Amino acid sequence: MATIVNTTEEEPMLAVVRFTAELAWADAGPEVADPEVTRLCLEAQEHILAGRWLDMASLMLASADLLLTSPSRVPDKDLECILSVICSLVTKAGSEDQALQISDLICAKLTQQPDDKPALRLKVLFSLYNLLPSPYGKAFVYKKALELATAGKAAECIIPSFKNIDSFVSEWGIGNLEQRELYLAIARILKDHKGTTKEYFNFLNKYLATFKGSDDDSATIGDAKEEAVAAIIEFVKSSTLFQCDLLNMPAVAQLEKDEKYQLVYELLKIFLTKRLDSYLEFQNANSALLKDYGLVHEECITKMRLMSLLDLSSHCSGEIPYSAITSALQINDDEVEQWIVKAIAFKILDCRIDQLNQTVIVSRHTERIFGMPQWQGLRTKLGVWRGHVASAINTIQANKVTDEGTQGMQGLMIR
């Protein structure tokens, strides 16, 4: 068989073509295989010398097709190495468009059989992602990786990257619609993965927040109803979430007038704006609805008591009488401190208990809804704090000048 020796930097590409061609024609016998292998290697050399990197990618992927459809013929390490060499072609492309075309060919090949070694295929896609200089190209490859992870049921291989999504989105510079598709795809992956309830809720929020209520969203906002309901149920179910911005999101607010989902919206409204008595009244009338959504009444009562305590904190002047707590939470006098300790443990309340006067002195509490009024309130508090700091600095400087003047006078008197 003819041997092609090449000592240039392109040698790995020719080696890959030769290796994959020999495997592909191995069963045909040397009389048939040798001429075919030689032909493919010469063709590869021509593409390299002419700088036809897109044609080279097509040739290499065609040669490697057997390895992808029958990966057991080579060890995973060798297959990964071969695919990495093919991915390196994007760094040689003469333009961004050509690099994207090469990426498209590679992604199409890797996603053809997603259930066959999906972890290895995803690893190669991430290598391709890191080789691409174009933000658009990176976004394209990441989207393909999401599709592969979903189809290949390999969520655990891509979930660790979700913590970097905000920086990815900033780097890619993608628009609102692309972000919406991205967040929805991620939310759907997390939905069926155990131990990611909080992350699932966060990405549902990100998805729903992409609907601004503008005319551009009017044709598609209805598609978000099921995700809006899912976000509400996740919030109500959660034993650690006590604040959210769902209520005023257009994608969620549309449920208020929806015949099928208006009661779900009402439930959210109760948890974010009302107290335990309102929930109990709702539960008495809609117990079947709560069961249908997998909500446990006792767990809802526990959360609603903590929510009621937050509501009391937001309407008090810094002190809450025990009697107000027992009434709002519907508990006995000897249970008050237990619920205060529980709220402190969840870090939703900072306070001091005055047992002598039977009051709770609140220094900080979590706002159930943090919207524009809360931002304005925070701005006012920061303004006051800034004024106090400025006043303190002025006082210190004035005292410093006075002390320096006194010391100077004392020096003159000594002389």
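Small disclaimer: the values here were computed from a predicted structure and weren't measured.
Salt bridge present: E36 and R39 bring a charged side-chain N and a carboxylate O closer than 4.0 Å. The pair R180-D217 meets the salt-bridge criterion, since a charged nitrogen lies less than 4.0 angstrom from a carboxylate oxygen. A salt bridge does not link K194 to E156: none of the charged nitrogens lies less than 4.0 Å from a carboxylate oxygen. Between K144 and E147 there is a salt bridge, since a side-chain N of the basic residue sits under 4.0 Å from a carboxylate O of the acidic one.
With contacts defined as side-chain heavy-atom distances shorter than 4.5 Å, the pair T220/F211 qualifies. Inter-residue side-chain proximity for Q358 and V336 is flagged as unmet; no heavy-atom pair is nearer than 4.5 Å. Y322 is not listed as a side-chain neighbour of D333, based on a closest heavy-atom distance of 4.5 Å or more. Side-chain contact between L182 and I165: present, with at least one pair of heavy atoms (C-beta onward) separated by less than 4.5 Å. The closest side-chain heavy-atom distance from I48 to W53 is below 4.5 Å. Inter-residue side-chain proximity for M249 and N205 is flagged as met; some heavy-atom pair is nearer than 4.5 Å. The closest side-chain heavy-atom distance from C107 to L128 is below 4.5 Å. Looking at L247 and T273, their side chains come closer than 4.5 Å, going by heavy atoms from C-beta outward.
Judged purely by atom type and a 3.5 angstrom limit, S63 has no side-chain atom pairing as donor or acceptor with the backbone of A21. For the pair K225 (side chain) and L255 (backbone), a donor-acceptor distance under 3.5 Å is absent. At least one donor-acceptor pair closer than 3.5 Å links the side chain of E178 to the backbone N or O of G175. Although no hydrogens or angles enter the test, the distance criterion places a donor-acceptor pair under 3.5 Å between the side chain of R121 and the main chain of L110. Side-chain atoms of Q254 come within 3.5 Å of backbone atoms of A251 as a donor-acceptor pair (strictly under, hydrogens ignored). Between the side chain of R305 and the backbone N or O of L329 there is at least one donor-acceptor pair closer than 3.5 Å. T20 places a side-chain N or O within donor-acceptor distance of the main-chain N or O of V17, the cut-off being under 3.5 Å. At distances below 3.5 Å, not a single donor-acceptor pair connects side-chain atoms of S170 with backbone N or O atoms of S167. Side chain of K198 to backbone of G195: no donor-acceptor contact under 3.5 angstrom is found. Of the possible donor and acceptor atoms, one in the side chain of S103 sits under 3.5 Å from a partner among the backbone N and O of A99.
Separating the CZ atom in F162 from the NE2 atom in H193 is a distance of 9.5 Å, to the nearest 0.5 Å. To the nearest 0.5 Å, atoms CG (L309) and CZ (R275) are separated by 10.0 Å. Here the CG-CD1 distance, from L61 to I82, works out to 11.5 Å after rounding to the nearest 0.5 Å. The CG atom of L125 lies 6.0 Å from the CG atom of L148; values are rounded to the nearest 0.5 Å. Atom CG of L268 is separated from atom CD1 of I369 by 7.5 Å, given to the nearest 0.5 angstrom. Going from atom OG1 of T196 over to atom CG of L190 covers 4.5 Å, rounded to the nearest 0.5 Å.
Counting all heavy atoms, side chain and backbone alike, L241 lies closest to M307 at O-CE, 4.3 Å. Taking both residues in full, the closest heavy atoms of S239 and F346 are given as O-CE2, 3.3 Å, listed atom of the first, atom of the second, then distance. Across all non-hydrogen atoms, the minimal contact from M60 to V85 is CE-CG1, 4.0 Å. Closest approach of Q262 to E256, counting heavy atoms only: CB-O, 3.5 Å. Considering all non-hydrogen atoms of both residues, A93 and I102 come closest at CB-CD1, 4.2 Å. Here the closest heavy-atom approach between residue P321 and residue E319 is recorded as CD-O, 3.9 Å.
For Y142 and F168, the distance between ring centers is under 6.0 angstrom.
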Verdict with supporting geometry, E96 and S134, side chain to side chain donor-acceptor pair (under 3.5 Å): CA-CA 7 Å; E96 183 177 314; S134 161; 3.3 Å; yes
Y265 and D258: CA distance, side-chain angles, deciding distance, side chain to side chain contact (heavy atoms under 4.5 Å, CB included) verdict: CA-CA 9 Å; Y265 182 83; D258 186 89; over 6 Å; no
F201/S238 under side chain to side chain contact (heavy atoms under 4.5 Å, CB included): CA gap, chis, key distance, verdict: CA-CA 10 Å; F201 177 75; S238 174; over 6 Å; no
Residues E199, K206; criterion salt bridge (charged side-chain N to carboxylate O under 4.0 Å, His left out); working and verdict: CA-CA 11 Å; E199 291 81 3; K206 288 178 179 291; over 6 Å; no
Worked verdict on E266 versus N286 for side chain to side chain contact (heavy atoms under 4.5 Å, CB included): CA-CA 11 Å; E266 179 61 27; N286 303 284; over 6 Å; no
Step-by-step side chain to side chain contact (heavy atoms under 4.5 Å, CB included) determination, L312 to V360: CA-CA 11 Å; L312 283 171; V360 176; over 6 Å; no
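Judged by a 6.0 Å distance limit and a 45° cone about the ring axis, K303 is positioned over the six-membered ring of F235.
Within 6.0 Å of OH in Y293 there are more than 12 heavy atoms belonging to other residues, nucleotides or ligands. The number of heavy atoms from other shown groups lying within 6.0 Å of CG (D215) does not exceed 12. More than 12 heavy atoms of other residues, nucleotides or ligands sit less than 6.0 Å from atom CD of Q112. Residue K153 places its NZ atom among 12 or fewer non-hydrogen atoms of other residues, nucleotides or ligands, all under 6.0 Å distant.
Defined by atom type and a distance below 3.5 Å, a donor-acceptor pair is missing between the side-chain atoms of Y261 and E226. For the residue pair Q179 and T210, no side-chain donor N or O sits within less than 3.5 Å of a side-chain acceptor on the partner.
When each of H365, R368, K274 is tested with D311 by the rule side-chain hydrogen bond (donor to acceptor under 3.5 Å, both in side chains), just one qualifies, namely R368.
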